[in-house]
Structure formats: C-alpha cells, structure tokens
**Q** 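Below you'll find the structure I mean.
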Amino acid sequence: NLNITIAGGGSTYTPGIVQALLNDLDKLPIKKLVLYDNDPQRNRDMYLIIDFMLKKKGVCHVELVETTKPKEAFSKCDFVFTQIRVGGLEMREKDEKIPLKYGLIGQETCGLGGFAYGLRSIKGLLEIVGYVQDYSPEAWILNYTNPESIVAEAVRRQYPKAKILNACDMTISIEETIAVNYGYDRKNWISDYYGLNHFGWYTKIYDKSLKRDVMPEIIRKLSISPMKVADFNAGDESWQETYSMMSVMTKNFPQNIPNSYLQYYLYPDIAVEHADKEYTRANKVMNGREKNTKEMARKICEGKKEDILNFNFGEHGQYIVDMAISILHDLHQRFMLIVPNKGAIPNLREDAVVEIPAYVGATGVEPISLRGNICDFHKGLMEAQVAAEKLLVDAYFEGSYQKALQAFTLNQTVPSARVAKLVLDDMMGANKAYWPEL
Ligand code: G6P
C-alpha cells in the first residue's frame with residue numbers, strides 16, 4: 001500500500017485529485033495521504049474537506065496527515081504530486097495585471113506574466129524536488145506545477161536524474177471539450193500532437209471506433225460552429241472566450257488544431273482588447289473557487305455538512321492519477337508529456353523541452369518520436385519561445401538581469417525592448433520576495 005504526498009496540498013485543486021484517487025483505490029491502494037503546504041491555514045481548510053470526503057466515501061483505512069514540515073511530508077513516500085503556486089493568487093493577480101498596464105497580454109502562464117511566475121516557481125519546485133531526493137529518492141514525482149516548460153527545464157538542469165514526470169491537463173481538456181461538443185468519445189482517440197507546453201498543435205486524431213483520422217472534420221466543425229464550455233469545466237463560463245478563439249485560429253490556419261493557449265501568441269491584440277485590466281482571471285478564481293472552498297471548510301467546522309461537496313471538481317485530477325496507475329502497474333499507457341526533445345522532433349534543437357505523446361510504465365517515460373520534420377511556421381514560433389524560456393532559466397541560475405531582459409524581449413507577446421525593460425523592472429519590484437537577485 002502506498003504513501004502519497006500532495007505538495008501544494010492547500011490548493012483548491014486538491015479535492016479534484018482526491019476525488020480521482022478515491023475512484024481508483026482498487027488500482028492505487030493508499031495507506032497514507034499527506035497534504036504538505038507552506039500555508040498552514042489553507043492546508044488546514046483542505047484537510048477538513050479531504051477528511052470529510054474520505055468519511056463520506058466510507059474510507060477509514062487511509063491515514064490523512066497535514067504538515068508544513070518537509071521531513072514529515074517527504075519521508076517514505078511512493079508518489080509525490082506537485083501542484084504548487086508560489087506567491088499564491090495574490091501574485092498571480094500581479095502577473096496578469098502588470099503586463100496589461102503596458103498593453104501586453106496578462107496571463108498566468110503565457111507572455112511576461114508566465115515569465116514572472118516562472119522565476120518564482122523554479123525556486124519552490126527545486127526545493128521540493130531536493131527534499132524528495134533527500135528523503136525518498138525512489139519516489140516518483142508527478143508534476144503539475146506551472147509554467148511547466150520553464151520549471152521542467154530548471155529541474156532538468158539541477159536534478160538531471162530525478163524521477164519526475166511533467167504533465168499538463170490542457171490537451172486532455174481540449175480533447176474532451178471537442179469530443180463533448182461534436183459528439184465523439186475521446187476514449188477512442190489516439191492523438192498525435194507536438195509543441196511546447198501551452199504552445200502546440202495536433203497533427204492527427206485517429207478514432208479507433210470510426211477507424212479514421214477525425215481531425216479534418218473537427219477542423220471543419222470548429223470553423224462552422226464554435227465550441228461551448230463543457231460540464232467538466234465545472235460550468236466555468238470564462239473558458240468560453242478561449243474555445244471561441246480556437247475557431248478563429250483554425251479558420252485562419254486550417255492545417256492543424258491548435259492548443260487554445262496559442263491565441264495569446266498569435267492574437268495578443270485581440271486578447272488585450274478583450275481583457276478587463278481591473279478584474280482578471282485571478283480575481284475570478286479568488287472570488288469563486290477560493291471563496292467557495294473556504295466556505296466549505298467553515299461549514300464542516302461548524303458541523304453543517306448537508307449539501308457540501310455536491311459540486312463538480314472537474315477532471316483535472318484524473319490525469320495525474322492515471323499516470324500513477326500506469327507507472328505502478330507498468331501499463332504503458334499513452335499520455336501527453338513534457339520531456340527533453342533529444343531528437344523526437346528531428347528539426348528542433350535537441351535540448352528543447354517539448355510536449356509530445358509518450359508511453360508511461362514502471363521505468364518512467366518513453367517518448368514517441370515524430371516521423372518527420374515540423375513545418376517552418378511552427379518551428380519558427382517554437383524556436384523563439386524555447387530560446388526565450390532558456391534565457392529565463394539562465395537568468396535564474398546566473399542571477400543575470402541581462403539574460404532576463406533578453407528573455408523578456410524575445411517573448412513573442414512583446415513588441416519592443418523598451419516595453420520589455422519597463423515590464424521587467426516593474427515585475428522585479430513586485431517579486432522582490434520571490435525572485436533571485438538579478
Ligand atoms: C488549465 C491549464 C493549467 C492552468 C489552469 C488554470 O487546467 O492546463 O495549466 O493552471 O487551467 O485554471 P484556473 O481555473 O486557475 O484559471
């Protein structure tokens with residue numbers, strides 16, 4: 001039986017992960033579940049909710065622990081799920097609002113907001129990977145921490161031998177939305193996709209039951225009738241704009257289905273035009289998911305348990321749980337993962353960190369190489385992004401302002417080095433407590 005630690009246990013995404021764990025207890029038998037967070041209050045709230053979930057499901061054999069102590073959290077564990085957000089939503093708000101002040105995209109993982117978040121996340125994640133190396137070096141780390149390409153690059157440099165899988169749920173989320181909107185069953189799909197995290201394209205979606213590549217017909221459908229937010233998005237209407245932009249992208253570039261996040265690089269002008277500079281996604285999450293969770297913990301504390309937990313946690317957690325199952329039972333299931341390129345995309349630099357399909361089994365990840373080169377349009381976009389991300393990681397390790405400025409300037413949402421410097425200086429001030437000294 002397994003010991004699982006969730007780093008960033010106080011996150012409002014934790015119930016979704018636990019919901020998936022509880023559905024799969026037969027495949028992933030748990031003895032101990034540890035919530036680790038550096039914010040004791042958030043961790044406590046989450047402990048109350050998870051404890052309630054376990055009891056409601058009649059699960060009494062799982063020991064639930066909350067802790068802020070690394071040694072207690074990471075000793076003797078088999079799997080560590082990492083989903084930390086360094087600086088919390090207060091800093092996410094700054095990532096989104098500072099670039100908007102200068103007329104640039106304000107987004108948590110893309111553009112300069114993503115770069116600011118990257119410089120914060122690297123330190124937090126390296127710390128956790130370090131603890132796991134010290135206390136449970138045989139444990140598998142399944143990482144959800146954003147921005148994924150940047151933190152994956154940093155971990156690879158500092159801990160090249162760490163047993164870590166870097167994964168993002170976005171491709172699953174896009175596929176599920178497509179399937180629900182246009183009447184397919186995603187479980188029948190074998191998808192071919194390449195790119196960087198939040199920056200890629202589908203090249204084929206083979207449907208095993210229909211026995212054909214359904215991507216061309218989906219592209220036609222996308223351009224005729226845009227998708228609607230699906231139930232598994234927990235009815236969150238703010239995804240609507242994202243899915244509408246997928247139609248705009250496929251109308252103009254009908255060769256592939258893009259990752260929805262590419263809208264920020266291809267159409268930054270539209271995204272800025274539609275943005276509310278005073279009230280961004282961080283504010284929506286703070287006033288929605290965060291508030292509801294706090295309220296739920298309070299009700300549990302007061303013994304008012306009716307109606308609690310009758311809401312949708314989304315599918316986010318299932319992906320990470322499926323990966324753990326595939327490792328434990330050596331299933332060699334196929335996932336979209338963020339891995340060192342090493343020739344998998346033949347005409348892209350070897351040392352890029354790319355997102356491609358891969359099989360996952362007891363010995364880790366086996367990436368699936370592409371059968372040929374990628375086109376110049378995608379290659380050009382990816383190369384600029386890879387170089388910018390690498391410069392940012394250099395800036396972190398070397399404490400180099402110059403490298404940070406180069407990274408900010410090269411980011412494809414930025415029109416000039418003058419604006420890059422203004423935003424960098426502003427962000428440096430806002431991130432004093434988190435960034436390395438540059
Ligand atoms: C998707 C992305 C994640 C991102 C999340 C943000 O799941 O794949 O990388 O962090 O959306 O969701 P939120 O509800 O916090 O805006």
**Q** For the residue pair Asn259 and Tyr202, confirm or rule out a side-chain donor-acceptor distance under 3.5 Å.
**A** no

**Q** Contact between Lys228 and Tyr243 at the side-chain level, heavy atoms closer than 4.5 Å - yes or no?
**A** no

**Q** What's the separation between atom CG in Leu165 and atom CG in Leu142, rounded to the nearest 0.5 Å?
**A** 6.0 Å

**Q** Could you give the side-chain donor-acceptor pairs of residues 364-379 under 3.5 Å, partners two or more places apart or in another chain?
**A**
from, atom 1, to, atom 2, distance (Å)
His378, ND1, Tyr194, OH, 2.6
His378, NE2, Trp201, NE1, 3.3
Lys379, NZ, Glu383, OE2, 3.4

**Q** Mind running side chain to side chain donor-acceptor pair (under 3.5 Å) on Tyr267 and Asn252 for me, showing each step along the way?
**A** CA-CA 11 Å; Tyr267 299 97; Asn252 288 294; 3.1 Å; yes

**Q** Under 3.5 Å, is there a donor-acceptor pair between the side chain of Gln240 and the main chain of Met227?
**A** yes

**Q** Quick one: pull up CZ in Arg186 and CD1 in Ile205 and give me the separation to the nearest 0.5 Å.
**A** 11.5 Å

**Q** Please identify each residue that fulfils side-chain contact (heavy atoms from CB on, under 4.5 Å) with Pro340, with sequence neighbours left out.
**A** Arg156, Lys342

**Q** Scan side-chain atoms only and decide if Gln107 and Asp95 contain a donor-acceptor pair under the 3.5 Å cut-off.
**A** no

**Q** Check whether any side-chain heavy atom of Phe199 sits under 4.5 Å from a side-chain heavy atom of Tyr261, and report yes or no.
**A** no

**Q** So with a 6.0 Å cut-off around NZ of Lys123, is the heavy-atom count from everything else above 12?
**A** no

**Q** Which residues pass the salt bridge (charged side-chain N to carboxylate O under 4.0 Å, His left out) test with Lys31, sequence neighbours left out?
**A** none

**Q** Give, for atom CG of Leu391 and atom CG of Leu410, the distance between the pair rounded to the nearest 0.5 Å.
**A** 6.5 Å

**Q** Assess the side chains of Glu148 and His198: does a donor N or O sit below 3.5 Å from an acceptor N or O?
**A** no

**Q** With a 4.0 Å cut-off, would you call Arg298 and Glu295 a salt bridge?
**A** yes

**Q** Apply the side-chain contact (heavy atoms from CB on, under 4.5 Å) test between Val151 and each candidate in Ile84, Val129, Asn143; give the one that qualifies.
**A** Asn143

**Q** Under 4.0 Å between a Lys/Arg side-chain N and an Asp/Glu carboxylate O for Glu153 and Arg157?
**A** yes

**Q** Should Lys163 and Glu138 count as an ion pair when the cut-off is N to O under 4.0 Å?
**A** yes

**Q** For a salt bridge (charged side-chain N to carboxylate O under 4.0 Å, His left out) with Glu108, tell me which candidate from Lys94, Arg85, Lys284, Arg120 qualifies.
**A** Arg85

**Q** Do you know which two heavy atoms are closest between Glu350 and Asn341, and how far apart they sit?
**A** O-CB, 3.4 Å

**Q** State whether Lys55 and Asp51 are salt-bridged, where the test is any N-O pair (Lys NZ or Arg NE/NH1/NH2 against Asp/Glu carboxylate O) under 4.0 Å.
**A** yes

**Q** Quick one: side-chain contact (heavy atoms from CB on, under 4.5 Å) partners of Glu90, sequence neighbours excluded?
**A** none

**Q** Hey, what do you get for CG (Asp169) to CE (Met336), rounding to the nearest 0.5 Å?
**A** 12.5 Å

**Q** Does a side chain donor of either Thr109 or Asn146 reach within less than 3.5 Å of an acceptor in the other side chain?
**A** no

**Q** Could you go through the salt bridge (Lys or Arg N to Asp or Glu O under 4.0 Å) check for Asp322 and Arg334 one step at a time?
**A** CA-CA 10 Å; Asp322 287 346; Arg334 192 174 158 130; over 6 Å; no

**Q** Treating Thr250 as the side-chain partner and Ser223 as the backbone partner, does any N or O pair qualify as donor plus acceptor under 3.5 Å?
**A** no

**Q** Which distance, rounded to the nearest 0.5 Å, do you find between the NZ of Lys204 and the CG of Asp213?
**A** 6.0 Å

**Q** Any chance you could lay out the salt bridge (Lys or Arg N to Asp or Glu O under 4.0 Å) test for Asp45 and Arg42, step after step, and finish with the verdict?
**A** CA-CA 5 Å; Asp45 286 351; Arg42 283 171 66 87; over 6 Å; no

**Q** List, one per line, each side-chain donor-acceptor pair under 3.5 Å for residues 351-360, sequence neighbours excluded.
**A**
from, atom 1, to, atom 2, distance (Å)
Asp351, OD1, Arg349, NE, 2.7
Asp351, OD1, Arg349, NH2, 3.4
Asp351, OD2, Arg349, NH2, 3.3
Glu355, OE1, Asn197, ND2, 2.8

**Q** Considering only distance and modelled atom types, tabulate donor-acceptor pairs under 3.5 Å from the side chains of residues 69-79, sequence neighbours left out.
**A**
from, atom 1, to, atom 2, distance (Å)
Glu72, OE1, Thr67, OG1, 2.8
Ser75, OG, Lys71, O, 2.6
Asp78, OD2, Asn3, N, 2.7

**Q** Drop me the distance from Ile150's CD1 to Ile338's CD1, to the nearest 0.5 angstrom.
**A** 11.5 Å

**Q** Does any donor atom in the side chain of Glu66 or Tyr36 lie under 3.5 Å from an acceptor atom in the other side chain?
**A** no

